[in-house]
4 protein chains.
Amino acid sequence: MAQATTRKAVQGASGRKMAGAAKRRSASPEARRAAILAAALDEFTVRGYEGARLEDVARRAGVAKGTIYLYFTDKQALFQDLVRSMVNPILGTLEQLPQVDMPARMLVERLTETFVREIIGTRRKDIIRLILTEGARFPEIAQFYHREVIARILGFIRPMLVRAAARGELPEGVAQFPQLIIAPGLVGILWGSLFNKYDPLDVAAMMRAHVEILFSGRPV
Amino acid sequence: MAQATTRKAVQGASGRKMAGAAKRRSASPEARRAAILAAALDEFTVRGYEGARLEDVARRAGVAKGTIYLYFTDKQALFQDLVRSMVNPILGTLEQLPQVDMPARMLVERLTETFVREIIGTRRKDIIRLILTEGARFPEIAQFYHREVIARILGFIRPMLVRAAARGELPEGVAQFPQLIIAPGLVGILWGSLFNKYDPLDVAAMMRAHVEILFSGRPV
Amino acid sequence: MAQATTRKAVQGASGRKMAGAAKRRSASPEARRAAILAAALDEFTVRGYEGARLEDVARRAGVAKGTIYLYFTDKQALFQDLVRSMVNPILGTLEQLPQVDMPARMLVERLTETFVREIIGTRRKDIIRLILTEGARFPEIAQFYHREVIARILGFIRPMLVRAAARGELPEGVAQFPQLIIAPGLVGILWGSLFNKYDPLDVAAMMRAHVEILFSGRPV
Amino acid sequence: MAQATTRKAVQGASGRKMAGAAKRRSASPEARRAAILAAALDEFTVRGYEGARLEDVARRAGVAKGTIYLYFTDKQALFQDLVRSMVNPILGTLEQLPQVDMPARMLVERLTETFVREIIGTRRKDIIRLILTEGARFPEIAQFYHREVIARILGFIRPMLVRAAARGELPEGVAQFPQLIIAPGLVGILWGSLFNKYDPLDVAAMMRAHVEILFSGRPV
DNA sequence: GATGAATGAGGGTTCATTCAT
DNA sequence: TATGAATGAACCCTCATTCAT
């Protein structure tokens, strides 16, 4: 029974709701860390950085409040590590992107489809949203994200876009502002959290239409 | 003379010591309200809704903490009134939009140029940013903004875009997802607050490039 | 129109209700003072000393907040002057009480009937209640009330009660503790504000029964 | 080691500096709760409900301000729990009152002696005083007290008084208004907080005299 | 005198953080 | 290592009091 820690927490007195609470106990440090990060993602997503309470994160993760501090320096570090933990897996992928040219349309379609599949279709959209909504208050995160993700993606695709534009496969503007490729996806994420209730938006369809536009009047 | 009794005696239990004296009286109520709103815009922009402290707003507006409550019910009302005060002037403009068709390119250019001039080029971009970053925590604001601004703009331009697309002046996708027209502008606003320090982005230029793309390969 | 001061107050924004608001204006100083005292009685009665807001007192009196300070030093003075203003008229009466003996029963009946008629049946019961409930925080008031009212009444009736008791018209205890005569009346006042809703109490009838008890088994 | 990044960087915007360290841990939760209640009784007694400051309660209890909120929802709950905690022990006693008739004088003497011993002679008199002075602003407490204490006592003794009166052991009025039995005790409590300084009152003696009066001229 | 906008100390409450167990 | 009770700085909001008009 040594394992049967007094629990009783889980819903407690504070009154906030709780969705998918993890109730596991005495797992491996890694699992614990992961549980806290998962709970943090949930809470930050719903309440924002300032609005999230570490007590709720702990409860949702099935650990005590103090335990969070065994794995993370403080609330800010938790937030930053959360973003990093969600972004890091992608970084590896970015490393291995083939540096060979391909038809512009194929490149752009891969990008947007990957975005829809891997971001919009997963919890990663919540991380993107957090970066967009909270990033201004976390220069370190903004810089990290820009340096590790955006700059690298841009560094990777911009040359290809430039060459494709030179080949006439793509408007010049896209090569100059590759942000244009993803912009609708980002807006779609925000739209989802703001207006979906009143006016749902099919982001995947919008992205396909967007790609169509990018190449309208171009030879395939 | 019953009331000319020596006072002070009792105190101790009851409390309040002495409030401060009133200082200035200069500004008109309207000016004062405006000053508070301006200060609130600054503070909310820099710190976000939760992070902003009303004491800082007051100081920045040159008034006392309590004065804010003479003009706004509470912090949330201040935030909502701020958004409304920045959005309302636009609403009038929207009313007077000409309901006559025009060439699609002209329509889109007007839209994007207006956006760049009136939003990106003014403090309104900060309001847009606040709506994007805090709106999820203010359903009322999100709904208000969607109903009063977005839905009306969409209701206004979508039919024109549909007809323009039918005339072949515009890709179908734009008519279906008018959000595509503005998406780069919104992303530009967010980019500005997140990455401009490391990687400046010329939003106006991007918007022009974007318009170019929307009409690439189309007859003028 | 000089007299038509901008009013608009009267219900304002604060949301508290308002019963018998006086809306007169530019009355005589005495009338103004009286209006403020009347309003103060209402507010203190309903909310207690700490709970009463001078803004509500002002509104109810039909004056501006600052006007109160022209007539009273501060909130505490207002409270004390209120008590004094309600008590003073009685003081004169006490002066003129006939110092002649009368049958004990008549004396006690006069006392209790006067209490029921002049206190229980009027707003004075609210002053008594205020003294009972707030007096502990206002030593000055407690002392004033004891000195000016209680001590004088006791000084007046105790000798008569003693003589009456000596004549066998009255239990010794009543002469020793004249408070016993009025105690039910005071409890009746408090009962009224606490439990009347659930369990109404006919204070007048209780007082009559009480007198009956005081003289039970006594010759008339 | 991604998480071992240098922190601190961001701060500025987010807020919280550093909370204080936990000091003692000694007392059991029950003892701590009791300490807070005891401190609250002191403060509420001296300053009244509105006038009492939770910071003073905390200091007096030897805990931090926030600790109070670990044991009580808010100030009002603290007050209500205080009243309940003082009243509850009596409730048990009331349950066990013998339902058998006894001579009226014995019944009344038990009542008054118990009142003097258990209320007047203990801190419970302060609770009674709080109920009397603050109850009007706490309908819940007034109702609770009436329902749990007063109504039950009345329900218990009234039938006995009625029968005793029928047997001629007691004036009719007492059976009709049992409040008369305790009224002097309540007045005594209030007198104590208001006038004892100037004019001490021996409540116990007054109660004995009162009982004597109730039965004067009656067969024992 | 009368007004009521402005002031700012005060206090209830929250919650990130600590540390005795 | 994990816990969660305890801490106390911070912050929103109230309202007695002041004073320019």
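Convention: sequence-line order gives letters A, B, ...; per-chain numbering from 1.
Atoms CD (Gln76(D)) and P (dG12(E)) sit 13 Å apart, rounded to a whole Å. When rounded to the nearest whole Å, the span between CG of Leu70(B) and P of dC15(F) equals 13 Å. Nucleotide dA16(F) holds its P atom 11 Å from the CD atom of Glu43(C), rounded to whole Å. Going from atom CZ of Phe44(C) over to atom P of dC15(F) covers 13 Å, rounded to whole Å. Whole-Å rounding puts the Asp56(D) CG to dG10(E) P distance at 12 Å. One interatomic measurement links the two molecules: CD of Glu30(A) to P of dT1(F), which rounds to 13 Å at whole-angstrom precision. Nucleotide dG12(E) holds its P atom 14 Å from the CZ atom of Phe79(D), rounded to whole Å. Taking atom CD1 on Ile36(B) and atom C1' on dA6(E), their separation rounds to 10 Å, with Å as the unit.
The side chain of Lys75(D) sits closest to dG12(E) out of dG12(E), dT14(F), dT3(F). Closest to the side chain of Tyr69(A), out of dA2(F), dT7(E), dA16(E), is dA16(E).
For the side-chain contact (heavy atoms from CB on, under 4.5 Å) with Gln80(A), the lone residue among Ile141(A), Thr73(A), Asp74(A) that qualifies is Ile141(A).
In terms of polar N and O atoms assigned as donor or acceptor, the side chain of Lys65(B) comes within less than 3.5 Å of the base of dG10(E) in a complementary pairing.
The distance between the ring centers of Phe138(D) and Tyr49(D) falls below 6.0 angstrom.
A cation-pi contact links Arg84(A) to Phe144(A), judged by a cut-off of 6.0 Å to the six-membered ring centre and 45° from its axis.
Map Thr67(D) and Pro29(B) each onto its nearest nucleotide of DNA chain E; the residue landing nearer the 5' end is Pro29(B). With DNA chain F read from its 5' end, the first of the two nearest nucleotides for Ala64(D) and Ala64(A) is the one closest to Ala64(A). Of the two residues contacting DNA chain F, namely Glu50(B) and Tyr71(D), the nearest-nucleotide position lying further toward the 5' end is that of Tyr71(D). Of the residues near DNA chain E, Gly66(C) and Glu55(D), the one whose nearest nucleotide (by heavy atom distance) lies more toward the 5' end is Gly66(C).
Taking 4.0 Å as the cut-off between side-chain N and carboxylate O, Glu50(B) and Arg53(A) do not count as a salt-bridged pair.
Nucleic acid contact class of Ala58(D) (heavy atoms, under 4.0 Å, all strands): none. Using a 4.0 Å heavy-atom criterion, one finds that Leu54(D) contacts the sugar-phosphate atoms exclusively. Counting any heavy atom pair closer than 4.0 Å across all strands shown, Phe72(B) reaches no nucleic acid atom.
Taking a pair to require two hydrogen-bonding distances under 3.5 Å in either a Watson-Crick or a G-U wobble arrangement, dA20(F) pairs with dT3(E). Summarising the base pairing, dC13(F) is matched to dG10(E) through a Watson-Crick or G-U wobble pair whose two defining distances lie under 3.5 Å.
Distances shorter than 4.0 Å separate some side-chain N or O of Arg32(C) from OP1 or OP2 on dT3(E). Of the side-chain N and O atoms in Arg53(D), none sit less than 4.0 angstrom from OP1 or OP2 of dG10(E).
In this structure, the side chain of Thr45(D) engages the main chain of Leu41(D) through a donor-acceptor pair within 3.5 Å.
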Should Asp81(A) and Arg33(A) be marked as a side chain to side chain contact (heavy atoms under 4.5 Å, CB included) after you check the CA-CA gap, both sets of side-chain angles, and the distance that decides it?
-> CA-CA 10 Å; Asp81(A) 287 1; Arg33(A) 201 184 137 85; 4.1 Å; yes
